[in-house]
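Letters A, B, ... mirror the listed sequences (proteins, then strands); counts begin at 1.
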2 protein chains.
Amino acid sequence: MHENYGSDKCDCNIIHEDVVNMVRKNMPKEEYLYDLAELFKVFGDTTRIKILYALFASEMCVCDIASLINMTQSAVSHQLRVLKQARLVKYRKEGKIVYYSLDDEHIKHIFDQGLMHITET
Amino acid sequence: MHENYGSDKCDCNIIHEDVVNMVRKNMPKEEYLYDLAELFKVFGDTTRIKILYALFASEMCVCDIASLINMTQSAVSHQLRVLKQARLVKYRKEGKIVYYSLDDEHIKHIFDQGLMHITET
DNA sequence: ATATCATATGAACAGTTATTCATATGTTCA
DNA sequence: TGAACATATGAATAACTGTTCATATGATAT
């Protein structure tokens, strides 16, 4: 009785057509969902999480960050580039030293909510 | 003058020792940071984001989810397992049909904050 | 019983990613 | 100018991840 509406990938039948249609109406734009996943991808790495938490406390230069989290300067520099591209950190130069700091107020809230999930029983 | 304190990986010198020590004191436990990254890793995939957004609107069976987001039943099932392991979704069985629903109230807040970052100018 | 359907799962493959290494850039200081 | 230092970056490698395919499981209905 039920037909498969417009999906070439799905290899099964829609069981609750009304529910699917209702949910489809409420889905955010595909583009937003993609961008959201991209953002969380950036958060999904221990090194980057450590860097961001460090910057919650203070702006820091690359060398200090590397020392703090016990990673090579190169690894930290690579990750800072990722964070910079995601518009999560910004930097200022002072001679040969580059200071990085946070560029977003939402991060802390996101992390706090994340920690609430983790620390639940 | 500056020495490298206890880090074997870092290949540079601590420039601001006081800052590093202060920041180190304020860092959350290594374990939390690891778990947090693991959580965000789960969010860092478009398919899983879509599934979670779908479940914001209603509980759904696997087949309906697959149809909605235009993925194979198998792919969806694999991702639901990941979400289940992360304690983000739960399920109930009704005959041969399995209904999945959200198992966490924090997710929506996390996503909303994430969207605020994305939709900023 | 057997055919059908919904779901789960293991293996394989392709694509992605984080770190390392070597090196380049640009600044400071002697 | 040249040595030392902070940072950036490209290439290579190893590890990880998501999808697909084939198949298994378990339930329903005839």
- Of the listed nucleotides D:dT19, C:dT19, C:dA6, the one nearest the side chain of B:Ala75: D:dT19
- Message: Do B:Lys108 and B:Phe56 form a cation-pi contact, if we require the NZ or CZ to be under 6.0 Å from the six-membered ring centre and within 45 degrees of the ring's axis?
- Response: yes
- Query: Which of the following nucleotides, C:dA18, C:dA8, C:dT27, is nearest to the side chain of B:Ser77?
  - Reply: C:dA8
- Item | Nearest non-hydrogen partners of A:Ala86 and A:Val42, listed with the distance | CB-CG2, 4.0 Å
- Query: Rounded to whole angstroms, how far apart are CE on A:Met71 and P on D:dA8?
  - Reply: 17 Å
- When clusters are formed by joining ILVMFWY residues with side-chain heavy atoms under 4.5 Å apart, either directly or through shared neighbours, do A:Met22 and B:Tyr53 land in the same one? yes
- Query: Has the side chain of A:Gln73 got a donor or acceptor that lies under 3.5 Å from a partner of the other kind on the base of D:dA8?
  - Reply: yes
- Task: Compute the ring centroids of A:Phe40 and B:His117, then answer whether they are less than 6.0 Å apart.
- Result: no
- Note on the structure: Atom CG of B:Asp64 and atom P of C:dT7 are separated, to the nearest Å, by 8 Å
- Heavy-atom closest pair, residues A:Glu59 and A:Ser101: CB-CB, 3.8 Å
- Message: Counting distance alone, no hydrogens or angles: does the base of C:dC21 have a donor or acceptor under 3.5 Å from a partner atom on the side chain of A:Thr72?
- Response: no
- Note on the structure: Separation of D:dA6 atom P from B:Asn13 atom CG, nearest Å, is 5 Å
- Query: Separation of B:Lys41 atom NZ from D:dG18 atom C1', in whole Å?
  - Reply: 14 Å
- Query: Planes under 30° and centres closer than 5.5 Å, is that true for A:His78 with the base of D:dT9?
  - Reply: yes
- Message: Can you tell me which nucleotide in C:dT19, C:dG26, D:dG18 comes closest to the side chain of A:Lys96?
- Response: C:dG26
- Per atom distances to the B:Val62 side chain, the nearest of C:dG10, C:dT19, C:dT7 is C:dT7
- Message: Using OP1 and OP2 only, check whether a side-chain N or O of A:Tyr100 sits under 4.0 Å from D:dA6.
- Response: no
- Query: Which whole-number value in Å describes the distance from B:Glu94 CD to C:dA6 P?
  - Reply: 14 Å
- Query: DNA chain D: B:Thr47 or A:Tyr99, which has the more 5' nearest nucleotide?
  - Reply: A:Tyr99
- Task: Take the protein atom NZ of A:Lys93 and the nucleotide atom C1' of D:dA6, then report the distance between them rounded to whole Å.
- Result: 11 Å
- Message: Go nucleotide by nucleotide along DNA chain C from the 5' end; which of A:Gly44 and A:Ser74 gets its closest nucleotide reached first?
- Response: A:Gly44
- Message: Output the rounded distance in Å from CD1 (A:Ile65) to P (D:dA6).
- Response: 14 Å
- Whole-Å distance separating the CZ atom of A:Arg81 from the P atom of C:dA18: 11 Å
